[in-house]
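Lettering follows sequence order; numbering is per chain, from 1.
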Amino acid sequence: MYLEITTRFRDALAKHIRAKYHLELPIVLERPPKIEMGEAASPVCFELAKRLKRAPRQIAQEIQNALPPVPGVAKLEVAGAGYLNAYFDRGAFWEAAQTEAKSGDRKDSQNRLSHKIIVEHTSINPNKAAHIGHVRNAVLGDTMARTLRQAGRNVQVQNYIDNTGVQVADVVIGFLHMEKRTPVSVKMMAMEPRFDYYCWDLYAKTTQFLAENKEQAAKLRGDTLKAIEEGRGEEAEVGQVVADAIVTCHLRTMARLGIFYQLLARESEILHLHFWDLAFAKLKETGTIQFVTSGKMAGCWVMPWKEEKSGVNAESADIKNAEGTEEEENTQDKIIVRSNGTVTYVGKDIAYQLWKFGLLGKDFHYSKWPKAPEGEDVWSTTSGENDPHAPPFGAPAKTVYNVIDARQAYLQDVVAQGLRGLGHAEAAENSIHLSYEIVALTPRCAAEMGYELSPEEAKKPYVEVSGRKGLGVKADDLIDQLEAAALGEVQQRHAEMTPEEQKSTAHAIAVGALRFFLLKFTRNAIIAFDFKDALSFEGETGPYCQYAVVRIRGIRRKGVEAGAARVAVTPETAQKFLAGTEGNGLWEVLLAAGSLDYAVDAAIVAQEPAFVAKYAFQLAQAFNNFYHKHHILSEADEQKRAFLLGLTELVEAQLVRALNLMGIDAPEKM
RNA sequence: GACCCCGUAGCUCAAUCGGAUAGAGCGCCAGCCUUCUAAGCUGGAUGUUGUCGGUUCAAGUCCGACCGGGGUCGCCA
């Protein structure tokens, strides 16, 4: 609602200014600091004042008088030094909010049919258990996908499986060379439920082993990786077993958090179905990558790193080059193909990106992933038979979101540069690196985990999680802890529930706490993880928001029990309760409830899922405030009771929807 | 060294293209449960937005310099 009205207001202003003053200005709208000042304000007259060389207040006055009425806006006022403040028609807003809440999704579902959006997230190396940092990735991606869908977009979620990378190779080395196991025995182990935990430890051990045997390590890694890439020998067999089993573990972990995927895009298929060969040929043809014959990169194919050339800088950069600093060269160049012929992740990612945009002229084969954790439809790429019932995954995407942590910004730039080198500047532009900062541990938390801190680490604000060192909070452990803590609370509060109800309620609370915790930080805030904060159910948390919904449901239940008759609330009646200073408190709740579309839009424009969390919290807060001021069911005035009840249900609908965008369910009771 | 990110209340973080009096949560203090769930609410204290300069009607936000912290620059991803 809020977005609709402000959009109309903005358009009306733009149109008016264009017609009257012949100026094309971007119309900035903001939320006035106080509700008494209206619901939307524009400082556009300050800009106009500069252009027209007249006083801003005077221009504001003029526009106030001449602007044609905007539906939903009751009046316009000049405020401060020249702000134009819009006051909404509260009765009309009430009416519209009612229908919006009932109809559910936004009307602009034509987007659904137009272009396809791919959100790629999670993409954990399939060689160990998922940790808290991986969960941040998945939660951000999942929330972004849900938010885009809420706005009517056609979204497909993919999880990239790097099953032919160095990390898998390391665990294969661990099994075959350190533990001296046979493929059969690894296969047996892979059926154990905690196989990912086993690999977590094995990976740390292998890394240590390889670090201690440097000369042996390089050859071992190279040979193993090559065998895995080419799909031959015990190495490839074990690699496949490990990767598939770990992926199954990851899917199970993420399913606990309500996170699912449409397609698992496996790197092995990029190789086996010759996606890479094709991309490689194109990269060579266009000269995007070059073969190095001397120096330390001899025998590799590299992509020369260009300094950014945009606008004015291009000139100076060229001059610098012309002056001949050429000699130092190549330190930034990125190796795409190693001297032993294996491809780096970046190379494979270029091929993958090309496919996403439909620029490769090839498609994968697809088959259903056999072990979907909840029996849902998950597809996987395969180099075997193509299942004709597979959805059209190969349809080109218009926009692609790649959820990848901030440390990989350089690599993402290389991928984009590769696309541009192949003449796909538009694809590079529409390939969005949804970057986010890492989850680290506070030194205290790391110490609690039994990690020995070096003196300088102890002084730092946080310690980086490291799969190679085996340092990190495993996702399943954390969810277990959250569920246990929530269950304790639920058992205390709701002895009347069956154990199953208690468990599922505790689960919803645990998921709410965790997902909200990871979403309340903006993307480029480093989260210094601490159990105390993450396990909190009070204040700015998921359970706080869930609790507001639970309260509303309690009111509804009690209302039905009491058999209170519901009278209809007309816009005029609503207007009466919302008017004036006394009505402001109620109006703020209604306005908050009607602003979901605005929050969703902001989250998409800014690519910032945290906005959704912020919105949900503020709405819950507004409701709790309202809840303590007004006792709804004991309200004597029949009209007012019906109005308050209607407002409450409106908050419920919108809050449930907002929580849903974050993958958080509100239980009936908690 | 080059490039990128960050620096806001005791702590953790917000602040919509540059907009009106910089906001939340936690923690602390004082209150509120025979009435719809206290995982809640109310009130109180805490700020030279790292420093200096510049641009602007308007700067936490943009520009420059400096200080402090983090990251990237691997034949790892």
Would you call [X]-[Y] a salt bridge at under 4.0 Å N-O?
{"X": "A/Asp637", "Y": "A/Arg641", "value": "no"}
{"X": "A/Lys469", "Y": "A/Glu464", "value": "no"}
{"X": "A/Lys614", "Y": "A/Glu608", "value": "no"}
{"X": "A/Glu437", "Y": "A/Arg407", "value": "no"}
{"X": "A/Glu39", "Y": "A/Arg31", "value": "no"}

Using purine N1 to pyrimidine N3 plus N6-O4 or O6-N4 for Watson-Crick, or N1-O2 and O6-N3 for G-U wobble, each under 3.5 Å, what pairs with [N]?
{"N": "B/C26", "result": "B/G10"}
{"N": "B/G1", "result": "B/C73"}
{"N": "B/C52", "result": "B/G64"}
{"N": "B/C17", "result": "none"}

NA contact type, [X], heavy-atom cut-off 4.0 Å: base, sugar-phosphate, or nothing?
{"X": "A/Ala41", "result": "base"}
{"X": "A/Asn625", "result": "sugar-phosphate"}
{"X": "A/Ala298", "result": "base"}
{"X": "A/Arg221", "result": "nothing"}
{"X": "A/Leu48", "result": "nothing"}
{"X": "A/Asn85", "result": "base"}
{"X": "A/Ala525", "result": "sugar-phosphate"}
{"X": "A/Val44", "result": "nothing"}
{"X": "A/Gly165", "result": "nothing"}
{"X": "A/Tyr544", "result": "sugar-phosphate"}

[X] has a side chain; which of [options] sits nearest to it?
{"X": "A/Arg551", "options": "B/A14, B/C75, B/U37", "result": "B/U37"}
{"X": "A/Pro32", "options": "B/U37, B/U12, B/A20", "result": "B/A20"}
{"X": "A/Ser339", "options": "B/C75, B/A39, B/C17", "result": "B/C75"}
{"X": "A/Tyr598", "options": "B/A39, B/C13, B/U16", "result": "B/U16"}
{"X": "A/Ala79", "options": "B/A77, B/C41, B/A20", "result": "B/A20"}
{"X": "A/Phe46", "options": "B/C57, B/G69, B/U37", "result": "B/C57"}
{"X": "A/Glu47", "options": "B/C41, B/C57, B/C76", "result": "B/C57"}
{"X": "A/Phe537", "options": "B/C36, B/A20, B/A39", "result": "B/A39"}
{"X": "A/Asp162", "options": "B/A20, B/C17, B/A77", "result": "B/A77"}

Legend entry - Check: A/Arg338 and A/Thr344 side chains under 4.5 Å, non-hydrogen atoms: yes
Inset, instruction - Side-chain contact test, heavy atoms from C-beta onward, threshold under 4.5 Å: evaluate it for A/Asn137 versus A/Asp405 and give yes or no. - result: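 No - every pair of side-chain heavy atoms lies 4.5 Å or more apart.
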According to a strict under-4.0 Å criterion, is [X] in side-chain N/O contact with OP1 or OP2 of [N]?
{"X": "A/Asn524", "N": "B/C6", "value": "yes"}
{"X": "A/Tyr462", "N": "B/C6", "value": "no"}
{"X": "A/Gln621", "N": "B/G25", "value": "yes"}
{"X": "A/Tyr547", "N": "B/A39", "value": "yes"}
{"X": "A/Lys558", "N": "B/U37", "value": "yes"}
{"X": "A/Arg338", "N": "B/C76", "value": "yes"}
{"X": "A/Tyr627", "N": "B/A38", "value": "yes"}
{"X": "A/Asn127", "N": "B/A77", "value": "no"}
{"X": "A/Arg407", "N": "B/A77", "value": "no"}

Legend entry - Contact nearer the 5' end of RNA chain B, comparing A/Val346 with A/Ile526: A/Ile526
Inset, instruction - Let me know, please, whether A/Val28 or A/Phe521 comes out on the 5' side of the other along RNA chain B by nearest nucleotide. - result: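 Its nucleotide being nearer the 5' end, the pick is A/Phe521.
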Legend entry - Syn-anti status, with the boundary at 90° from 0, for the nucleotide B/C29: anti
Legend entry - Polar side chain donor-acceptor pair, A/Glu120 to A/Ser123, under 3.5 angstrom: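 Note: A/Glu120 and A/Ser123 side chains meet the donor-acceptor criterion.
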